[in-house]
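Here is the structure we will look at.
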Amino acid sequence: MTVTLPPLETAPQSEHQDPADAPQGATVPEPATGADDRDLAEDPAAHAPELSQDPTADAPEPSEDAPEPLADAAEPAEAPDTADLDPVVVRDAQDFGVYARTGGWTFALKVARSVRPGGQAAEGTAATKVSAKAFAALAGCSPERVMRYYKAWDMAADDGLVPQFEVLVPGADIELPDADVWLSYYTSRNSASSVRGQAISAAAEAEGIRPTKALEVAENPTALRAAILADPGTADAARGALLDRMKEDPALQTEMARAIARTDDLKKAVASEAKAADRIGYVRQIVENGQIRTPAGQTVEAPAELRAEAERHLSLLDELDDSEEAGEWAGEAYDTVKGLVAKAVEEDPALRVQERRTKFYSSLQKATKVFEELTLDEVLEEEIFEDDMLQRLEALQEAISSCISTLRRATTAS
């Protein structure tokens, strides 16, 4: 489509414009608290251009992010006779229709045909163009905002979607692309061009959201903190994101572990959750593997009754919501199953004998290791000997002699 654009006029200042963007001597309205430098493309109502267009043309309603055609655009309503209408209303409707179809391209064309960035020679079609700074001063906005539109047009020109700057002259009219491709080329934030901004934009696109939204959050960490502190839903989203990031960020893992270790309440909470997880794991492995581990460390097949009880407790644990405390349920399941394991050991004569033998060997190995760790050389060299030491060793010797005699009698009797 071809649109007729009026000569460049000084645009009124947006209600979201920063005072720093205003030209010297201009009257700057008080900005809204917390508002950032919104772009023309994100606030169509405040910046609709004054363009001439056929009043019978379709006028789809723009969405929040970018103008889109109406669902019933294929069957437009019959245009009323403009002779009986206020000319101002007709012009507003025409301007609305142009912007709804072209979106930010309307403003990008004004920049592309009128701006010659610094460093370019003022010759040929660029002879009457002005710098981005001068254009911004006339428009009552920042040069950075003007250059964002310039860069968007430049990328679109590289893709062959719009003409190159060299063929455009001030006041030139061309066929503009549809509004739905505008956001593919335009970014409203300067941070998007940095390495950090590009990473954030890529992650946002992977999540299926607009990069500008993610960049806005990244540029306002205090606002993000406030939302996390005030809203459980936001806190839950932040927690999930941190957990996902920690899988691939060892440094963050270390920082989080250090922060938890230095906070007593968090240490207790982690210890409690770890204990509950271990108990649930004990019950789960019986259900999944069909085996039990006895108190002495033996692994044997689980009786059918024990396995059925473990399955019942595990199903109750798996049905708990994330918001429910699992510690008490895990403790009950663990104690019940462990009691059944002890009962199974006692009811099986062969298993009971092997269990006690294993326990005896375990105790004997521990006692042997402790005795071997005694360093008699230090006792002689450092003169740390006391009579109580000798008395304890003599008592230990008597206990060992008694144990040996008992074992010998048992061997003879068998």
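Keep in mind that the numbers below use all heavy atoms, side chains included, and drop hydrogens, waters and symmetry copies.
- For S315 (side chain) and R312 (main-chain N/O), a donor-acceptor pair under 3.5 Å exists by modelled atom type.
- Within the structure, side chain to side chain donor-acceptor pair (under 3.5 Å) contacts touching residues 258-280 (residues at least two apart or in different chains) are E255-R258.
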Next on the checklist: Applying side-chain contact (heavy atoms from CB on, under 4.5 Å) to T106 and L176, what does each step give before you reach the verdict?
Outcome noted: CA-CA 8 Å; T106 300; L176 293 174; 4.3 Å; yes
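- Within 6.0 Å of the CD atom in E328, the count of heavy atoms belonging to other residues, nucleotides or ligands does not exceed 12.
- Judged as a side chain to side chain donor-acceptor pair (under 3.5 Å), and not counting sequence neighbours, R225 has no contacts.
- Within the 4.5 Å cutoff, the side chain of L161 has heavy atoms near those of the V181 side chain.
- For the pair V287 and E309, the minimum side-chain heavy-atom distance is 4.5 Å or more.
- The closest side-chain heavy-atom distance from L168 to I174 is below 4.5 Å.
- Applying the 6.0 Å contact sphere to CZ of R352 captures more than 12 heavy atoms from other residues, nucleotides or ligands.
- In this structure, a donor-acceptor pair under 3.5 Å is present between the side chains of E355 and T294.
- The aromatic rings of Y150 and F165 lie parallel to each other, with less than 30° between the two planes, well short of the 60° mark.
- One finds the CG atom of D387 at 6.5 Å from the CD atom of Q391 (value rounded to the nearest 0.5 Å).
- Side-chain contact between S131 and V115: absent, with no pair of heavy atoms (C-beta onward) separated by less than 4.5 Å.
- Scanning for side chain to side chain donor-acceptor pair (under 3.5 Å) contacts around D318 gives R284, with sequence neighbours left out.
- For the atom pair CZ of F135 and SG of C141, the computed distance is 7.5 Å after rounding to the nearest 0.5 Å.
- In this structure, SG on C403 lies 7.5 Å from CG on L364, to the nearest 0.5 angstrom.
- Proximity of a side-chain donor or acceptor of S363 to a complementary backbone N or O of K359 within less than 3.5 Å is detected.
- Taking 4.5 Å as the limit, some side-chain heavy atom of W153 sits within range of a side-chain heavy atom of L109.
- Atom CD of E305 has 12 or fewer heavy atoms from other residues, nucleotides or ligands within 6.0 Å.
- For W329 (side chain) and L316 (main-chain N/O), no donor-acceptor pair under 3.5 Å exists by modelled atom type.
- For the atom pair CZ of R91 and CG of L85, the computed distance is 14.5 Å after rounding to the nearest 0.5 Å.
- At least one side-chain heavy atom of R145 sits under 4.5 Å from a side-chain heavy atom of Y149.
- The side-chain heavy atoms of D158 and D154, taken from C-beta on, include a pair separated by under 4.5 Å.
- How far CG of L306 is from CG of L340: 5.0 Å, rounded to the nearest 0.5 Å.
- To the nearest 0.5 Å, the span separating CG on D86 from CG on D92 amounts to 9.0 Å.
- Inter-residue side-chain proximity for I286 and Q291 is flagged as unmet; no heavy-atom pair is nearer than 4.5 Å.
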